[in-house]
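Written below as structure tokens is the structure these notes are about.
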Amino acid sequence: MTDLPAPLDPADDQTGAPYGRHAGQPLLPAVTDSPAPTPMTVTEYPVSFTGRADEYFRIWIVNVALTIVTLGIYLPWARVRTRQYFYGHAWVDGQNFEYRANPVALLRGYVIVGGLFLGYSLATQFQKYWIAVPLLLIYVGLYPWLVRQSLRFQAANTVHRGLRFGFMGSLRDSYVAYGAANILGSIGGIFALPWAWFMQRRYQLNHLEYGTARGKFRGDVAPFYVIALTAVGVGVGLGIVLLIPLAAVLFGSMNWNPDTFGDGDPTTLIVLFAVAYVAFILLYTVLWQYARAAIMAYVLNHGELGGVIRTRATFRPWTLVWIGVTNTLATVFTLGLATPWAAIRRTKYVLEGIQVRAIAPLDDFAAGASQQPSALGEAATELLDIQVGF
Amino acid sequence: MTLPGGPVAGVYFDGRSSRDHPATVTLTEQGVTLNVPELGSPRMWPLAEVTVDPAVPGVRRVVKFRDGGRYETADDAAISAWERQVGLNRALTGVRWLESRWAAALGALVLAVAAVAAFVVFGLPVLARQAAAVTPRSVLATFDRETLKVLNTGEYVGPTKLSAARQAQLQAEFRDVAAWAGGGYPYTLLLRDGEPAGTDSGGIGANAFALPGGTVVMTDQIVALASNDRELMGVLAHETGHVTHRHGLAGVYQGLGLTLVSTVITGDLVSATTFAAAVPAALLRGGYSRADETQADEVAGRFMLERYHTTRPLQDILARLEKELGDGKDSRASVFDLLRSHPGTPQRIEHLRAIERAALP
């Protein structure tokens with residue numbers, strides 16, 4: 001492969017991959033049906049991330065200040081710049097990614113979604129349910145469409161080696177994966193939720209495209225149940241461990257006189273409730289982060305592109321949980337100033353725990369049909385805090 | 001690297017395949033000459049058919065051509081110099097300049113903190129008051145209706161135990177206060193028992209409060225506490241002050257605004273960081289209502305001076321309320337005093353005295 005005359009950072013060259021145009025390897029067609037077995041040479045390309053906390057801190061704080069000074073109008077530019085920084089510092093095989101969304105399109109989406117959201121908040125505040133309920137129903141009804149728009153927008157604006165990604169999932173499949181599956185998941189809880197996660201990841205991966213190459217999810221539904229059961233088990237265990245000392249302090253503060261419970265020592269009670277609340281939030285964060293990290297690892301270990309590329313994750317879900325919890329604490333105790341450091345730390349750990357394994361050269365993909373989806377879905381998922389990626 | 005005007009080394013992608021080709025560009029005021037040896041002779045692109053992505057720190061610079069091709073280089077200096085020369089990406093080059101300096105970052109930090117603080121302390125109350133002032137009456141009435149539904153569950157108040165004659169007397173006196181307060185609100189006085197038997201909450205005790213639409217609730221306990229009706233009328237005038245200045249509604253808007261601000265700053269709706277942001281928000285809310293109490297006291301002070309030529313009765317009942325609250329409960333000072341929404345009673349009494357002194361010749 002051709003590298004640049006002056007690498008930006010030694011990390012660019014950490015690949016250790018054989019340089020030169022993949023000597024000795026036959027150029028395969030981009031799409032083959034099954035990854036051929038043994039005789040093929042598998043080349044492993046680690047993903048590297050060269051973002052730095054000090055550099056990103058300055059970008060972040062300038063973004064914050066400009067967003068405030070422009071009364072929020074700069075927000076889309078800030079978001080795009082942040083993504084450009086993170087994508088631009090993610091390298092595979094000596095080439096970095098690019099994020100190329102148009103901030104003006106995002107701004108339009110933000111204004112529409114922000115206006116509707118404000119209308120909804122005000123309507124519920126004033127009990128004008130004839131406005132609030134239809135808005136909510138429209139949102140619920142459009143949710144799968146919004147998710148599909150967002151996935152299309154994110155994919156189409158991601159570029160590697162001059163080729164765009166694409167997302168070709170149908171609207172019908174989105175209503176199955178994000179409509180029906182979510183409804184069943186909310187009714188069935190632990191019995192149906194892992195299945196919903198499975199459906200959603202499969203939908204995301206099976207319709208992903210890089211040029212003309214199609215993504216494929218080789219995973220199964222059972223491991224999603226294992227992940228959910230692990231999270232619940234750990235939750236119950238930690239919950240009991242946390243509850244015992246809390247209960248002990250509570251009974252201790254009652255002075256063995258149940259009559260004075262209501263107006264005993266209010267300070268102790270309030271502190272106790274605050275501790276219980278923080279403990280609950282931490283527990284919730286831990287479990288949720290574990291589930292997300294474990295799912296991400298599983299999906300990456302079972303992802304395939306064009307039949308010639310597979311991804312592999314070597315990051316450990318529990319380490320990621322530890323990073324998540326310490327990141328949250330650092331952010332809280334620095335009053336938000338550690339946000340950029342936390343984002344870089346997490347991204348570096350995740351990305352550098354991903355490998356791309358290919359049996360064909362990475363420079364042998366061809367462009368697919370180009371698409372230009374609207375930014376409305378992206379704006380909605382961003383503003384309404386919907387988690388669609390992984 | 002390169003000399004100014006000389007060829008800049010980089011890599012070229014044609015946009016149709018993922019293959020990378022070594023390439024150079026020569027940058028002039030007229031445009032870009034792209035030379036990709038593997039693909040044949042150099043090609044000249046005029047400025048109008050070229051876009052250059054704004055610089056992002058540490059990321060390769062990208063020049064995009066109209067046919068979908070792209071050229072990438074690590075030589076930021078050469079591209080930036082050319083950008084300045086031909087005047088591309090002016091605004092975001094300024095942003096890049098800010099981002100590359102620690103002094104600018106520090107300035108941005110100070111600016112951000114100051115802007116947020118100024119908005120929350122000065123801007124938000126003004127905005128909330130404006131919004132409250134233009135909110136239609138029908139909305140106020142909805143508030144009263146919904147709050148009364150909660151009150152009527154019997155958990156906090158019960159039916160009044162005052163005699164019919166006493167009730168009629170208080171209602172008549174309240175009509176006088178309401179007429180004085182004006183503003184066209186449908187004022188109603190609700191007399192209730194503040195310590196209903198058989199509930200867990202123990203009721204609201206000696207208390208009086210106003211709902212946004214003009215409904216004023218007063219408990220039997222505060223009636224019993226007063227040594228004359230002038231004191232009660234002072235309390236009721238204070239409550240009409242909350243109504244005419246629309247404090248209740250402004251408080252709702254302030255709460256909404258604070259939630260919005262902390263969501264924007266922390267970037268999410270429900271998490272530990274939002275929870276941490278809620279503590280200063282609660283403190284601020286206390287500060288807002290302190291200002292409201294002072295304003296309502298001023299209304300009550302005006303009423304007292306007009307009717308009785310003294311604010312003394314209101315001072316007396318405030319002092320007695322303070323004593324009553326202090327008796328039953330633990331009076332140790334604690335950090336939770338900071339969270340108290342009302343100004344300290346001594347300050348309020350002193351304020352009423354000052355109003356009286358100012359009115360005297």
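Every chain is numbered from 1, with letters handed out A, B, ... down the list of sequences. Because the structure is a prediction, the values reported are computed rather than measured.
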Check each atom of [X] against the heavy atoms of chain B and say whether the ones under 4.5 Å are side chain, backbone, both or neither.
X: A:I61; value: both
X: A:I68; value: side chain
X: A:F280; value: neither

Ignoring hydrogens and angles, state whether a donor on the side chain of [X] or [Y] is under 3.5 Å from an acceptor on the partner side chain.
X: B:Y253; Y: B:T135; value: yes
X: B:R60; Y: A:Q95; value: yes
X: B:S18; Y: A:D363; value: no

### Task
Name all pairs fulfilling the salt bridge (Lys or Arg N to Asp or Glu O under 4.0 Å) condition that reach into residues 61-70 of chain B, sequence neighbours left out, sorted by first residue then second.
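Sorted pair list: A:E98-B:K64, A:E98-B:R70, B:E49-B:R66, B:D53-B:K64, B:R61-B:D76, B:R61-B:E83, B:R70-B:E72.
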Measure distances from [X] to the heavy atoms of chain A and classify the residue's part below 4.5 Å as side chain, backbone, both or neither.
X: B:S138; result: side chain
X: B:Y12; result: neither
X: B:L249; result: side chain
X: B:A55; result: backbone

### Any residue meeting side-chain contact (heavy atoms from CB on, under 4.5 Å) with A:L337, in chain and number order, not counting sequence neighbours
A:F57, A:W60, A:T334, B:L109
### Query
Is A:R81 paired with B:E99 through a side-chain N to carboxylate O contact shorter than 4.0 Å?
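Result for this pair is yes, salt bridge flagged.
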### Query
Does the ring centre of A:Y210 sit less than 6.0 Å away from the ring centre of A:F165?
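Yes, the ring centres sit under 6.0 Å apart.
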### Message
Taking ring pair (Phe, Tyr, Trp, His ring centres under 6.0 Å) as the definition, give me every residue that meets it alongside A:F86, ordered by chain and number, with sequence neighbours left out.
### Response
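With neighbours one apart ignored, the set is A:F49, A:Y56.
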### Query
If contact means a heavy atom pair closer than 4.5 Å, which residues of residues 89-97 of chain B contact chain A?
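Near chain A, by residue number: B:L92, B:V95, B:R96.
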#### Entry: Option that, when pairs with chain A are counted at under 4.5 Å, heavy atom only, ranks first among B:A115, B:S17, B:A112
B:S17
### Message
Ring of B:F13, cation from A:R161 - is the NZ or CZ under 6.0 Å from the centre and inside 45° of the axis?
### Response
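The answer is no; the distance or angle limit is not met.
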